[in-house]
Protein chains: 2
Amino acid sequence: MRMPQNKQQIELKSQVLKIFMEYLEQNELRKTPERFAILDEIYTGKGHFDVEQLYEKMKERKYTVSRATVYNTLDLLLACNLVIKHQFGASQAVFEKAHGFKQHDHLICNKCNNILEFCDPRIQQIQNMMGDLLKFNINSHSLYLYGDPECNKEGSCKTCGKKVK
Amino acid sequence: MRMPQNKQQIELKSQVLKIFMEYLEQNELRKTPERFAILDEIYTGKGHFDVEQLYEKMKERKYTVSRATVYNTLDLLLACNLVIKHQFGASQAVFEKAHGFKQHDHLICNKCNNILEFCDPRIQQIQNMMGDLLKFNINSHSLYLYGDPECNKEGSCKTCGKKVK
DNA sequence: GTAATTGCAAATGTTTTGCATACTG
DNA sequence: CAGTATGCAAAACATTTGCAATTAC
């Protein structure tokens with residue numbers, strides 16, 4: 001069951017498609033249906049996802065792809081900045097779409113691993129200053145805040161609804 | 001070949017030993033020689049290390065420990081805040097000692113994976129503000145900057161000395 | 001003595017790789 | 001058609017787990 005697409009989503013998808021096409025052409029890579037199906041699936045969904053979730057979603061589509069192709073395509077999309085890769089915990093990587101959304105960082109709930117997003121211009125300032133100071137051209141950063149949600153008196157978590165000890 | 005220990009290092013080691021002892025006692029855990037040997041090795045070395053490096057260093061000591069014990073002990077040292085765990089890239093975790101050193105964040109060289117440290121009070125401010133705003137008690141953060149070293153005209157990297165394309 | 005800890009090896013889970021087949025350009 | 005991309009399975013890798021032997025308390 002596919003969600004009906006609104007104008008904005010169609011517009012966004014055509015933009016990212018163009019970017020991906022240009023990237024593939026410039027690098028003399030093939031325009032395979034699997035690659036486009038994966039890109040479309042990513043920009044159809046919302047929020048963060050891991051490789052397994054993406055693989056499962058692809059199964060529900062006409063193009064069932066192998067895990068290897070998912071990894072391969074994600075590498076390409078990383079290279080042309082259409083997705084961002086996160087390594088929140090130890091285990092598997094988490095991805096999110098990167099085009100058409102403003103830069104943001106993440107707060108991860110210690111209780112339920114829920115991910116909240118926030119923006120703060122000071123991070124850019126720190127990045128610029130440290131680049132100057134340490135003589136580096138900083139081209140990316142990752143900032144994760146970890147914490148426990150403030151709880152109401154009944155002892156359940158406001159954010160994730162789970163009981164907190 | 002063990003480095004001669006100076007006063008400060010002896011002082012630091014006795015502090016962390018005390019903290020670890022107390023932690024073990026309070027949690028009714030055993031004081032095994034392996035655990036103390038690992039703690040000592042960590043606070044003898046400097047900089048960042050991964051599990052494999054620590055495992056190899058232990059081999060050179062009187063206590064050759066199994067990898068399982070290294071992982072187990074690192075978990076304990078994490079729990080009592082004597083080491084910090086980093087997940088810079090995708091693969092294996094990187095650790096560093098945490099007691100007696102001021103809070104800092106990390107800049108990772110894209111060319112050679114060398115790690116530089118820096119401090120900036122604004123990170124604490126961001127942490128406090130976002131905690132308030134999103135109703136979370138933030139208890140930790142990780143900020144990693146990634147970048148390429150500015151290079152001299154000969155094309156070698158100032159920081160890591162490696163040739164840069 | 002008894003339960004926790006160790007070491008080893010096997011298991012796990014994620015990501016990568018090799019190779020035969022399929023398909024893009 | 002030539003060579004790249006795919007799919008599958010096996011390999012690689014860090015980390016975790018199960019279990020018998022050992023050891024702290």
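Below, chains carry the letters A, B, ... as their sequence lines are ordered, and counting in each starts from 1.
In this entry the distance linking CG of B/L74 with P of D/dT16 reads 10 Å, nearest Å. Atom CG of B/L54 is separated from atom C1' of D/dT15 by 15 Å (rounded to the nearest Å). What separates CD of B/Q87 from P of D/dA14 is a distance of 12 Å, to the nearest Å. If you take NZ of A/K85 and C1' of C/dT14, they are 10 Å apart, rounded to a whole angstrom. B/E25 places its CD atom 9 Å from the P atom of D/dC25, with the value rounded to the nearest Å. The separation between B/E34 atom CD and C/dT6 atom P is 5 Å, rounded to whole Å. Rounded to whole angstrom, the span from the CZ atom of A/F36 across to the C1' atom of C/dC23 amounts to 14 Å. In this entry the distance linking CE of B/M58 with P of C/dG7 reads 9 Å, nearest Å.
Between A/L29 and A/Y71, the residue anchored nearer the 5' end of DNA chain C, judged by the nucleotide with its closest heavy atom, is A/Y71. Toward the 5' end of DNA chain D, the nearer of the two residues A/R67 and B/D75, judged by each one's closest nucleotide, is A/R67.
The backbone N or O of A/V51 lies less than 3.5 Å from no partner atom in the side chain of A/R67, so there is not a single donor-acceptor pair. In this structure, B/Y43 contributes its side chain and B/L17 its backbone to no donor-acceptor pair below 3.5 Å. Between the side chain of B/S14 and the backbone N or O of B/E11, at least one donor-acceptor pair lies under 3.5 Å. In this structure, the side chain of B/E22 does not engage the main chain of B/I19 through any donor-acceptor pair within 3.5 Å.
Side-chain nitrogen and oxygen atoms of B/T69 include at least one within less than 4.0 Å of the OP1 or OP2 phosphate oxygen of C/dG7. Contact annotation: A/N72 does not reach the phosphate of D/dA5 (side-chain N/O to OP1 or OP2, under 4.0 Å). The phosphate of C/dT6 (OP1 or OP2) has a side-chain N or O of B/T32 nearer than 4.0 angstrom.
Ranking C/dT15, D/dG7, D/dT17 by closeness to the B/A68 side chain, first place goes to D/dT17. Between C/dG7, D/dA24, D/dT15, one nucleotide has an atom nearer to the side chain of B/V65 than all others, and that is C/dG7.
Nucleic acid contact for B/E52: none, since no nucleic acid atom lies under 4.0 Å from a heavy atom of the residue. As judged by a 4.0 angstrom heavy-atom cut-off over every strand, A/T64 is placed among residues touching the sugar-phosphate backbone only.
Between B/V83 and B/L78 the shortest heavy-atom distance is O-CD2, 3.3 Å.
Counting atom types as modelled, B/R30 pairs a side-chain N or O with a base atom of C/dA3 as donor and acceptor under 3.5 Å.
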